[in-house]
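Atoms considered below: every heavy atom in the structure, side chains included; atoms not considered: hydrogens, waters and symmetry mates.
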Amino acid sequence: IRSVKHLFVFDRRARNYFRELGARSVSYLPLPAPVLVYEAMRKECPPEERPRAPVRIAVGPALSAGRGTYISILAANKIAPGCRILVGAKDSAEVGITSRLIAELGCIPECDMWLEWYVMGKGDCWLRRLAKCSLAVNLDNRTCYGRFLVDCAGMGIPCVGSGEIALAA
């Protein structure tokens, strides 16, 4: 670390850690966000056109990640009982498991295998589905950088996040 002229970190909390390890110069560099893509998504589905009933809540990450997804689903149900819950899954087996968990709570599952993050034009993609949500929950219990939160913020979707997510802290 002492041989590096300058170190960029995406978590503000890491600056002092790397300075203590001997880094000469450390700067916080937030996660880049595709602002023009977010603007396009907001125009396609403005907040006033998002479904009101049942409320649609996005949850991240997928259940297989083992990072607080189930607790996020429980929180979404507590916030809006009977809501529609959007969550991605790694494969068809996980789609089935996640959908059953959501349905057993009395919510409406909207679970699919992960789609492309963004597709130009009118194709189906994660951001287009996320844009239709009025709220998001990501109670990730492991340290991560927070791409889900960045996507939500970029599209004006309030997101409940945990302190373990670098960009939520």
Side-chain angles (χ1 to χ4, degrees), residues 1-47 50 56-79 85-91 94 98 110-121 123-169:
I1 288 182
R2 288 185 186 97
S3 65
V4 175
K5 288 184 181 182
H6 193 87
L7 181 65
F8 290 98
V9 295
F10 65 81
D11 186 343
R12 287 183 185 98
R13 301 172 292 187
R15 288 182 294 194
N16 288 337
Y17 173 78
F18 284 104
R19 285 184 187 128
E20 292 293 322
L21 288 177
R24 291 187 264 168
S25 181
V26 182
S27 294
Y28 167 68
L29 182 65
L31 190 67
V35 175
L36 297 177
V37 170
Y38 295 146
E39 286 176 11
M41 293 293 99
R42 283 195 308 265
K43 286 178 185 173
E44 280 185 28
C45 189
R50 293 179 186 153
R56 182 188 249 170
I57 300 177
V59 169
L63 198 61
S64 59
R67 294 171 27 192
T69 307
Y70 189 62
I71 197 79
S72 296
I73 290 169
L74 290 173
N77 179 55
K78 190 74 170 169
I79 292 166
I85 297 179
L86 170 69
V87 63
K90 71 173 182 170
D91 56 30
E94 188 174 52
T98 308
E110 191 173 313
C111 186
D112 277 310
M113 287 189 286
W114 283 116
L115 302 164
E116 290 291 326
W117 178 78
Y118 174 68
V119 175
M120 300 255 326
D124 195 21
C125 65
W126 172 250
L127 283 184
R128 281 197 176 84
R129 290 189 182 190
L130 181 61
K132 295 175 184 171
C133 294
S134 45
L135 180 68
V137 179
N138 186 357
L139 299 177
D140 198 323
N141 57 8
R142 295 186 188 170
T143 302
C144 69
Y145 61 85
R147 170 92 257 165
F148 184 83
L149 272 66
V150 170
D151 290 344
C152 291
M155 292 189 293
I157 300 167
C159 185
V160 178
S162 78
E164 296 301 316
I165 302 170
L167 296 173

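- Each of I85, L139, V137 was compared with I73 under the side chain to side chain contact (heavy atoms under 4.5 Å, CB included) criterion, and only I85 meets it.
- For the atom pair CG of L86 and CH2 of W126, the computed distance is 4.0 Å after rounding to the nearest 0.5 Å.
- For the residue pair I57 and A76, the shortest heavy atom distance occurs at CD1-O, 3.7 Å.
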Distance-only donor-acceptor hits, side chain of residues 150-160, under 3.5 Å, sequence neighbours excluded:
residue	atom	partner	partner atom	Å
D151	OD1	Y38	OH	2.4
D151	OD1	R147	NE	3.2
D151	OD1	R147	NH2	3.3
D151	OD2	W117	NE1	2.9

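- Across every non-hydrogen atom of R2 and G22, the tightest pair is CG-O, 3.5 Å.
- From L127, atom CG reaches atom SG of C45 across 12.0 Å, with rounding to the nearest 0.5 Å.
- Looking only at distances, a side-chain donor or acceptor of T69 sits under 3.5 Å from a matching main-chain atom of A62.
- Across all non-hydrogen atoms, the minimal contact from A58 to L130 is CB-CD1, 3.4 Å.
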From CA spacing to verdict: side-chain contact (heavy atoms from CB on, under 4.5 Å), L149, N138: CA-CA 8 Å; L149 272 66; N138 186 357; 4.0 Å; yes
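- Contact check for V119 versus D124: no side-chain heavy atoms found under the 4.5 Å cut-off.
- When all heavy atoms are compared, the tightest approach of R19 to V26 is NH2-O, 3.4 Å.
- Looking at R24 and K5, their side chains come closer than 4.5 Å, going by heavy atoms from C-beta outward.
- Take S27 and apply the side-chain hydrogen bond (donor to acceptor under 3.5 Å, both in side chains) test, not counting sequence neighbours, and it matches H6.
- Taking Y70 as the reference, nothing meets the ring pair (Phe, Tyr, Trp, His ring centres under 6.0 Å) condition, with sequence neighbours excluded.
- Within 6.0 Å of CD1 in I71 there are 12 or fewer heavy atoms belonging to other residues, nucleotides or ligands.
- Applying the salt bridge (charged side-chain N to carboxylate O under 4.0 Å, His left out) rule to pairs touching residues 59-68 yields R67-D140, sequence neighbours excluded.
- A search for salt bridge (charged side-chain N to carboxylate O under 4.0 Å, His left out) contacts involving R128 returns E44, not counting sequence neighbours.
- In this view, E116 satisfies the side-chain hydrogen bond (donor to acceptor under 3.5 Å, both in side chains) rule with no residue, not counting sequence neighbours.
- How far CG of N16 is from CG of L21: 11.0 Å, rounded to the nearest 0.5 Å.
- Rounding to the nearest 0.5 Å places NZ of K132 at 10.0 Å from CE of M41.
- With hydrogens and angles ignored, the 3.5 Å screen pairs a side-chain donor or acceptor of R50 with a backbone N or O of A131.
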